[in-house]
Amino acid sequence: MNDFVTRFAPSPSGLLHMGHAYSALQAFEAAKTVGGRFILRIEDIDTTRCRPEFERAIENDLHWLGLHWDEPVRRQSDHMADFTAALEQLRDLGVLYRCFLTRREVLSEISRAPHGTGEVYTGPQTPMSMDEETKRLQNGETYAWRLSLKAARAYLGEAWDGLFFTEQGTGPHGEHGTIMAQPERLGDVVLARKDIATSYHLAVTHDDALQGITHIIRGVDLFESTHIHVLLQALLGLTTPVYRHHRLLVDETGKRLAKRDQAATLHDLRNSGIKPEALRQNLLAN
Ligand code: GLU
């Protein structure tokens, strides 16, 4: 066994469809080819959408497909204190701020920003005064913890210009090889909310490092997030793994498969009598 470790990290908010099976199989086969390890991680921080029955269905479907993984499986909702600690680490560095803007106000700020890209929130013109913040907190106003790119850049100094990652797959615009991380493409992202201990960005970065993931194999829809993950790794003192983004499966009209569109689930395929070996061959030939 070598030190290659990869993972499949689904959110149990629905049943797996062919696109998930493709992704899981890419990671599983990559590990098998080099004698590495394959891990399943359940990313269920969004407790409003994730359900235990979907988690069980995911495990059953993947087992049926012939995949196996190291036990126990890490379930993110069991480890919220870890994410709070990571958030505190960032807060101690001075790179987080409380943002009290509503979603609508954020959109309006984005549209007014003179140098913005028109899509991302780049932070307030001037930081909120302590008095104002205290007043809002006392009023019980809700807020999000955002990562300040300005503060992160100041904290990292020259290291900011050395943020990069290796892409062994392909990004949406053919990106491959050594890629400069450009966190500004995502702006001041939300890392937690007043009542929600973590966001996807923080939880995934934390857990990939904790589990010693050396290769992240996932859909190209997550390529952009990598720009922020690499920054978080630098701030938290974590190693940057190698990335391998793969294409997404699409339906006959060219639209990507999605849970909400009722794309054929693995569950349906099983019931239709297809043999797992046939499905694997089909997916690997894709
Ligand atoms: N949990 C994420 C999802 O289901 C995937 C995380 C990742 O692979 O980075 O979309």
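Every number for a ligand or one of its atoms is a count from 1 in the order of the listing.
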Under a 3.5 Å cutoff, is there a donor and acceptor pairing between the side chains of Q211 and R7?
no

Please indicate whether Y143 has more than 12 foreign heavy atoms, meaning atoms of other residues, nucleotides or ligands, lying under 6.0 Å from its OH.
yes

Region of L222 engaging ligand 1 - heavy atom pairs below 4.0 Å:
side chain

Only heavy atoms of S11, strictly under 4.0 Å: list the atoms of ligand 1 that pass.
1 (N), 3 (C), 4 (O)

Are any of the heavy atoms in F8 under 4.0 Å away from ligand 1?
no

Evaluation steps, side-chain hydrogen bond (donor to acceptor under 3.5 Å, both in side chains), between S77 and D44
CA-CA 6 Å; S77 62; D44 60 345; 2.7 Å; yes

Per-atom contacts of ligand 1 with E43, taking only distances under 4.0 Å to non-hydrogen atoms
1 (N), 2 (C), 5 (C), 6 (C)

Is the number of heavy atoms from other residues, nucleotides or ligands within 6.0 Å of NE2 (H79) greater than 12?
yes

Atoms in ligand 1 with a heavy atom of R7 nearer than 4.0 Å:
7 (C), 8 (O), 9 (O)

Examine the side chains of H245 and T170 and answer whether a donor and an acceptor come within less than 3.5 Å of each other.
no

Which of the numbered atoms in ligand 1 are under 4.0 angstrom from any heavy atom belonging to V204?
9 (O)

